[in-house]
Amino acid sequence: PLKDDQGVYFFQKISTPVKINSVPVSTTACQAGTNVNFSVGVETLDNPSFIWQIYNETSSNFEPWDDLTDSEKYAGTNTSNLEIKDVTAQMNGNKFRVLVNSDQYKCPSVSDEVILTVFENLPIANPVDNIIKCDDNSVGDDKDGIISSFDLDSKTATILGDQSSDDFTVTYHISQNDAYDLTSAGLTSPHTNVNVGGDEIFVRVKNNTTGCYRATTTFETKVAPLPVILNPVIKIEQCDDDDTNDGKTVFNLRDKESLISNNYQNETFEYYTESDFSAASLIANPTNFTNKAFNQSVYVKIITPENCFRTSQIDIAVGASLINENFMVDYAICEDSPALNQDGIATFKSDVLEEVKTKLISSNLKFSAQNIRVTLHTKSQDALSGENPINTNLDFTNVTPTTQPIWASIENTELNTVECLGLKQVATLYVEPKPVANTVTIDKQCDGDSPLDLDSQDGKFPFDTSAIQAQ
């Protein structure tokens, strides 16, 4: 027989039953495949013993309860905490209880029975796209990365899918732990982002009947920055390109985008003739825009990849070219190709065009006294629009056979103003053909057959060469 630490047999002592002071509680497995636990708390004078049991209406025992033993399915069957592993839908409704006795009191105390409820699946929380909104002044200013208008509830229908909003509740949370906390009601909508630039939002979908929930879906609220405008208004003067001086010319509006926005290479520009940016006033081809006579304002919408925009304005004017009408430089080189296959194409050294630019700048004191940009082109239209400039650091091969016109565009680029200083053909490059010497034919003659040949044996004959040059 067992004794206590004083050497007294337990059966000789007067004792009391084990008191269960924390009863097991029925629990729910919200998804098949998860683990659940039942636990009991007791008060006793010595060492307690636990036996967990499962209800079995076909049990051969006096009561329809079978003892559990540790296995792949159960753990802690002789402890205060019973763990049931990898629950299945077939275990739904199983009942459990625990018997507790002690060394001094062998008659067991019996806990209340508890029920295991198993639901096969958690609620569905469908993935959703991020919410991207442009920065505005709803909080602070439109550059601080914080706004107050994120409509979280707009995602609810997509998250639920076919699940009814009467049966399931969707809440939004600023952290994963907050989504797990069923006492938290989550964020309100519309939501003001906590972090500059946006937040990660954690979604919880809860079954209103079972209390089971899924909190694995996330999305982001993003505050997209607006374009950074360098100059809200720029002024562009372009030279009149004809002899009528009608105040109209063709503008390549896109050529000035770097003066308008800091990130122009990654943005989309739209150009309008009206300040209300109406669709009817959209300029279809901004690289080939003809202005109204002399002066006109064009209104620009600068759009980021996130579809956020700011606006700017281009004030355009048409002026006269300052390049002297008599300025012209001519250069000529010989054809590169073989004499019998000439195509009028040749390669000019880079210093030829550099010399054209140098002479052009020196031709007018206004050119050398200002911060100017000189570009050379093969076509007048390119000189007007600024497109396809010739790289004067490289040797140049003419594109027009035999005679290549060279056009110049001179602009004064000071701060937010582009002023026309010159637009004119300034040089002509000539490719001179090589002379061609054709094969000629001279008939054989017999020595002495000419009246002029006085010696028929000297191997000499007075040939008539008067027709060779024509051949």
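Crowding of K301 atom NZ: a count of heavy atoms from other residues, nucleotides or ligands under 6.0 Å exceeding 12. The number of heavy-atom neighbours closer than 6.0 Å to CG of N61, taken from other residues, nucleotides and ligands shown, is above 12. For E120, the CD atom is loosely surrounded, since the number of other residues' heavy atoms within 6.0 Å does not exceed 12. More than 12 non-hydrogen atoms from other residues, nucleotides or ligands lie less than 6.0 angstrom from CG of N21. More than 12 heavy atoms of other residues, nucleotides or ligands lie within 6.0 Å of NZ in K85, so this atom counts as buried by the packing criterion. Remark: F119 CZ is packed, more than 12 non-hydrogen atoms of other residues, nucleotides or ligands lying under 6.0 Å away.
Residues meeting the salt bridge (Lys or Arg N to Asp or Glu O under 4.0 Å) test with E113, sequence neighbours left out: K95. Annotation: side-chain hydrogen bond (donor to acceptor under 3.5 Å, both in side chains) contacts of T287 (sequence neighbours excluded): N285. For the side-chain contact (heavy atoms from CB on, under 4.5 Å) test, residues two or more places apart in sequence or in another chain that qualify with L394 are N391.
V139 and S148 make their closest contact through CG2-CB, 3.9 Å (heavy atoms, listed as atom of the first residue, atom of the second, distance).
Residues D142 and R310 are paired through a salt bridge, judged by an N-O separation under 4.0 Å between the basic side chain and the carboxylate. Using a 4.0 Å cut-off between charged nitrogen and carboxylate oxygen, K256 and E411 count as a salt-bridge pair.
A perpendicular orientation is assigned to the rings of F277 and Y299, their planes being inclined by more than 60° (bins at 30° and 60°).
Taking the six-membered ring where the residue is Trp, the centroids of F289 and F251 are separated by 6.0 Å or more.
For the side-chain contact (heavy atoms from CB on, under 4.5 Å) with V118, the lone residue among T88, V87, N94 that qualifies is V87. When N208, T156, N207 are each tested for a side-chain hydrogen bond (donor to acceptor under 3.5 Å, both in side chains) with T169, only one passes: N208.
Looking at I323 and L423, their side chains never come closer than 4.5 Å, going by heavy atoms from C-beta outward. Contact check for Q313 versus T311: no side-chain heavy atoms found under the 4.5 Å cut-off. K73 has its side chain out of reach of L68: every pair of non-hydrogen atoms, C-beta onward, lies at least 4.5 Å apart. Between D199 and E220 the shortest side-chain heavy-atom distance does not fall below 4.5 Å.
The backbone N or O of A215 sits less than 3.5 Å from a side-chain atom of Q176, completing a donor-acceptor pair. Checked by atom type and distance alone, the side chain of D315 never pairs as donor or acceptor with a backbone atom of S297 at under 3.5 Å.
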